Amino acid sequence: WVLMKTAQTPTNIAVIKYWGKRDETLILPVNDSISVTLDPAHLCTTTTVAVSPAFQQDRMWLNGKEMSLSGGRYQNCLREIRKRAREVEDKERGIKIEKKDWEKLHLHIASYNNFPTAAGLASSAAGFACLVFALAKLMNVSEDESQLSAIARQGSGSACRSLFGGFVKWIMGKEDDGSDSLAVQLVDEKHWEDLFIIIAVVSSRQKETSSTSGMRESVETSSLLQHRAKEVVPKRTIQMEEAIQYRDFASFAKLACADSNQFHAVCLDTLPPIFYMNDTSHRQVLVYICWIISYVEKWNRSEGTPQVAYTFDAGPNAVLIARDRKAAAQLIQRLLFYFPPKSDTDLDSYLLGDKTI
Ligand code: DP6
């Protein structure tokens, strides 16, 4: 027999960034962070986990290609979930797995991303969150999403925020064992339905410096990172929570843009400097990014009240958050200057995410 479960998890985009660890093994951050989880219909990971007495070893496939599970991060997640596994019974098929059996049984895991892996679109976030959630379902684990987030965190920090929809806060925690470093939902996906998130994928190439090594170098060499973690983020997190609570787009946009810019300033303050927003060998990408930032800044100033916020993660792709459908439509027309939508239906397909930029 084979017993299977499938889960689907969207990626999340940080509006207050996580950058820097105080513990590399447990993945404990130096500051709180806040993110928005995308609609599951779009950028998401789908993971199927299966168990069978016929399986000889744990194996995993990512986008159809077998990959090694020997890395510490996978092993940590598998161990933590196995510890919490409970009895599972499928009466119809006459299958019963007792708690103690989980130690001996092997797993097969198949995972698919519907977006480019490792291009700064938080694929590890959706990936580990989905893996942990699917395994928890298969093994009948009773822990809630916040407790599961503390396990997903050990796969990739940002993954802990993908266990919830809406706006999510990863509380950095104080304990050395990481037990209080977990995600909580601030508001659900219905709270701020006007927002439109547009992702301009300017490059789907793998990033040159992974987040993991980039943030390690920043922790070791950037004094701006220390200042950011101790002085800036604690205040900014409170302000961001308030902006989200009251759906105050002007404050939200100001804080999100400032935080993205400070994160990239920390990268520049790292020795040797990390350039995520551009790749100097790709001039067009650099020009495009500068254009996006200055276009948004100018547009927001000319309207008197912000229409759009931008944020960039560890890659050159722009994430643009528009205050409403009208602003999103205007932004799409502008982004697609050379290939404008042909009709309202065409524009709608961009707004619904059926067409990509
Ligand atoms: C820039 O979660 O990918 O996207 O914990 O080492 O796996 P690890 O790093 P990761 O870092 C994400 C960094 C970021 C900001 C954010 O998502 O908060």
Side-chain angles (χ1 to χ4, degrees), residues 9-38 43 45 71-74 76-77 113 115-132 149-164 167-173 178 181-183 186 197 199 206-220 222 225 228-229 232-233 236-237 240 255-256 258-268 270 274-277 310-319 321:
T9 311
T11 192
N12 70 77
I13 303 292
V15 289
I16 299 290
K17 307 286 185 200
Y18 144 56
W19 196 250
K21 299 183 183 69
R22 60 190 166 89
D23 184 314
E24 291 237 357
T25 315
L26 288 171
I27 310 199
L28 302 176
V30 294
N31 58 258
D32 291 346
S33 55
I34 295 180
S35 61
V36 56
T37 300
L38 301 186
L43 304 176
T45 299
R73 291 174 170 218
Y74 282 106
N76 291 350
C77 290
N113 287 334
F115 57 94
T117 303
L121 287 177
S123 57
S124 64
F128 278 103
C130 200
L131 173 69
V132 167
S149 81
I151 301 177
R153 188 201 75 224
Q154 297 175 53
S156 179
S158 51
C160 73
R161 299 183 310 233
S162 268
L163 264 305
F164 296 97
F167 281 93
V168 183
K169 179 179 178 182
W170 175 10
I171 302 168
M172 64 179 283
S181 184
L182 36 81
L186 294 175
I197 301 182
I199 303 188
Q206 294 234 342
K207 55 197 173 195
E208 270 159 33
T209 312
S210 73
S211 308
T212 308
S213 63
M215 67 176 83
R216 181 185 306 131
E217 288 161 20
S218 295
V219 168
E220 283 165 7
S222 168
L225 179 136
R228 166 178 164 75
V232 180
V233 177
R236 206 172 259 171
T237 310
M240 182 56 101
L255 294 163
D259 202 71
S260 168
N261 291 333
Q262 190 179 60
F263 153 53
H264 289 282
V266 167
C267 292
L268 274 184
T270 299
I274 309 165
F275 303 92
Y276 277 132
M277 291 218 287
Y310 57 81
T311 183
F312 292 84
D313 277 337
N317 301 317
V319 178
I321 308 179

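All ligand and atom numbering here is 1-based and tracks the order in the structure. All values reported here derive from a predicted model rather than from experimental measurement. Hydrogens, waters and symmetry mates are skipped; everything else that's a heavy atom, side chains included, is used.
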Worksheet item: What's the spacing between Arg228 CZ and Ile16 CD1 if we round to 0.5 Å?
Response: 7.0 Å
Worksheet item: What atoms of ligand 1 come within less than 4.0 Å of a heavy atom belonging to Ala14?
Response: 16 (C), 17 (O), 18 (O)
Worksheet item: Does ligand 1 have a heavy atom under 4.0 Å from the side chain of Asn12, from its backbone, from both, or from neither?
Response: neither
Worksheet entry | Distance-only polar pair, side chains of Thr237 and Asp32, donor-acceptor under 3.5 Å | no
Response to the item:
Taken in chain and number order and not counting sequence neighbours, the residues that satisfy side chain to side chain donor-acceptor pair (under 3.5 Å) with Tyr74 are none
Item to complete: Tell me, please: is Phe263 in heavy-atom contact with ligand 1, that is, under 4.0 Å?
Response: yes
Fill in: Location of contacts on Ser158 toward ligand 1, heavy atoms closer than 4.0 Å
both
Practice prompt. Dump the intermediate steps for side chain to side chain donor-acceptor pair (under 3.5 Å) on Ser35 and Lys17, then the final yes or no.
Written response: CA-CA 8 Å; Ser35 61; Lys17 307 286 185 200; over 6 Å; no
Discussion item. As an exercise, state the distance from NZ of Lys21 to CZ of Arg216, rounded to the nearest 0.5 Å.
Written reply: 7.0 Å
Worksheet entry | Proximal ligand 1 atoms for Arg73, defined as those under 4.0 Å from one of its heavy atoms | 6 (O), 7 (O), 8 (P)
Worksheet item: Judging by distance only, is a nitrogen or oxygen of Ile16 under 3.5 angstrom from one on ligand 1?
Response: no
Practice prompt. State whether a side-chain donor-acceptor pair under 3.5 Å links Tyr276 with Asn317.
Written response: no
Fill in: Check: Lys17 N/O within less than 3.5 Å of ligand 1 N/O
no
Worksheet item: Side-chain donor-acceptor pair under 3.5 Å between Asn12 and Thr37, yes or no?
Response: no
Worksheet item: Against heavy atoms of Met215, which atoms of ligand 1 measure under 4.0 Å?
Response: 9 (O), 11 (O)
Worksheet entry | Distance-only N or O hit between ligand 1 and Trp19, under 3.5 Å | no
Discussion item. Restricting to non-hydrogen atoms, name the atom on Ser158 and the atom on Tyr18 that form the minimum distance, rounded to 0.1 Å.
Written reply: N-CE2, 3.8 Å
Worksheet entry | Set of side chain to side chain donor-acceptor pair (under 3.5 Å) partners for Ser222, sequence neighbours left out | Asp269
Discussion item. Under 4.0 Å from a heavy atom of Lys21: which atoms of ligand 1 are those, numbered in the order shown and with their elements?
Written reply: 5 (O), 6 (O), 8 (P)
Worksheet item: In ligand 1, which numbered atoms sit nearer than 4.0 Å to a non-hydrogen atom of Ser124?
Response: 3 (O)
Practice prompt. May I ask whether Ser33 has any heavy atom positioned less than 4.0 angstrom from an atom of ligand 1?
Written response: no
Practice prompt. Considering the heavy atoms of Ile27, write down every atom of ligand 1 situated less than 4.0 Å from one of them.
Written response: 5 (O)
Fill in: Per-residue contact class, Arg153 against ligand 1 - non-hydrogen pairs under 4.0 Å
neither
Discussion item. I want to know if ligand 1 touches Ser156 in the polar sense, i.e. an N/O pair below 3.5 angstrom.
Written reply: yes
Discussion item. Ignoring hydrogens and geometry beyond distance, is a side-chain donor-acceptor pair present between Ser33 and Arg161 at under 3.5 Å?
Written reply: yes
